[in-house]
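Working notes, structure below.
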Protein chains: 2
Amino acid sequence: MQLDHVFGALSDATRRAIVMRLCDGEASVGELAKPFEMALPSLMKHIRILESSGLVASEKTGRVRMCSLQTEALATVEVWLAAQREIWEQRLDRLEMHVEKLKKEERSNARKRKSK
Amino acid sequence: MQLDHVFGALSDATRRAIVMRLCDGEASVGELAKPFEMALPSLMKHIRILESSGLVASEKTGRVRMCSLQTEALATVEVWLAAQREIWEQRLDRLEMHVEKLKKEERSNARKRKSK
DNA sequence: ATGAAAGTTAGCCATACGGCTAACTAATAG
DNA sequence: CTATTAGTTAGCCGTATGGCTAACTTTCAT
């Protein structure tokens, strides 16, 4: 499960719509195809991409292929984003503390100038 | 700012590494290029993609172009993922409540059978 | 047994991508 | 003023993408 593939899979509006639909519960290929004016082989290509990225799993029963969401792959994206936000916010915290320190120093210097 | 472009921008390992670096603070194009064994025009292409997706902003001062992270674009990905998780978890909650109900009914039926 | 349903495969086509090199421009440093 | 630095532009090339159609296979329903 690689971030390249997960982000890549989600970079297409059709595949994101498939993921959103599967959040509501599993669906067959035919059901997934219904909202799209797209040839079935094209829709199948999208499903294959989602499968290879780990976002979707599917299983054939008779002539119907049922697809379901695999939340672990979505979680890898969440984890990566959370890590970036953590780093970003730590940096903002340090910046804020630095600004506070400068403000205190500035107030101290102003008081010293006044007393001369 | 479109999710297509944001997810697409993040689907490449080089661009994710750039984003991670910029979480630590802004950097020049030359600084960003240092960790990569890649021709500068190639690295510039990646930066342009990150800019067009809204993830990065840049500004030229003299001959140096400084790049900085724009967290709003990352936030759109977070928002989208949070929405999917919400739907997914609501579905699991309803499923859990249904299972609980079935278990209660099964216990009730078992008591009725015993009392006959 | 036959027809219909639900995919599946193969290949085409135009566009996009991700690297490269070569040549170039604009800005500093000396 | 000249050399150096920090990008910038243009185009090449192989690969990937995202649609399509046609033909096909497997599985039910009749």
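Below, chains carry the letters A, B, ... as their sequence lines are ordered, and counting in each starts from 1. This structure is a prediction, so every number in the text was calculated from the model and none was measured.
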Completion exercise
Scoring nucleotides 9-18 of chain C by protein non-hydrogen atoms under 4.0 Å (B base, S sugar-phosphate only, - none) yields B--------B
Practice task
Start with the C-alpha gap between B/Leu10 and A/Trp80, add the side-chain angles, then the distance that decides, and say whether side chain to side chain contact (heavy atoms under 4.5 Å, CB included) holds.
Solution key: CA-CA 11 Å; B/Leu10 293 171; A/Trp80 186 84; 3.8 Å; yes
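- At a threshold of 4.5 Å between non-hydrogen side-chain atoms, the residues A/Gln84 and B/Thr71 do not count as touching.
- The distance from the CD atom of B/Glu26 to the CG atom of B/Leu32 is 10.0 Å, given to the nearest 0.5 Å.
- A distance of 12.5 Å separates CD in A/Glu96 from CZ in A/Arg94, rounded to the nearest 0.5 Å.
- Taking every heavy atom of residues 22-31 of chain A and every atom of DNA chain D, no pair lies under 4.0 Å.
- Under a hydrophobic-cluster definition in which Ile, Leu, Val, Met, Phe, Trp and Tyr are linked whenever side-chain heavy atoms come within less than 4.5 Å, directly or via other members, A/Leu74 and B/Val77 are assigned to the same cluster.
- Residue B/Ile18 holds its CD1 atom at 6.5 Å from NE2 of B/His46, rounded to the nearest 0.5 Å.
- B/Glu105 pairs by the side chain to side chain contact (heavy atoms under 4.5 Å, CB included) definition with B/Lys101, B/Leu102, not counting sequence neighbours.
- Side-chain heavy atoms closer than 4.5 Å link hydrophobic residues (I, L, V, M, F, W, Y) into clusters, and following such links, even through other members, never connects A/Met44 to A/Met66.
- Atom CG of B/Leu43 and atom C1' of C/dG19 are 12 Å apart (whole Å).
- For the OP1/OP2 pair of D/dG18 and a distance below 4.0 Å, the side-chain nitrogens and oxygens of A/Ser42 include no atom meeting the criterion.
- Rounded to an integer number of Å, the gap from CG of B/Leu40 to P of D/dT5 is 14 Å.
- For residues 56-68 of chain B, proximity to DNA chain D is found at B/Lys60, B/Arg63, B/Val64, B/Arg65, defined as any non-hydrogen atom under 4.0 angstrom from a strand atom.
- In terms of the salt bridge (Lys or Arg N to Asp or Glu O under 4.0 Å) criterion, B/Arg91 has no residue partners (sequence neighbours excluded).
- Note on residues 46-70 of chain A: pairs passing salt bridge (Lys or Arg N to Asp or Glu O under 4.0 Å), not counting sequence neighbours, are A/Arg48-A/Glu51.
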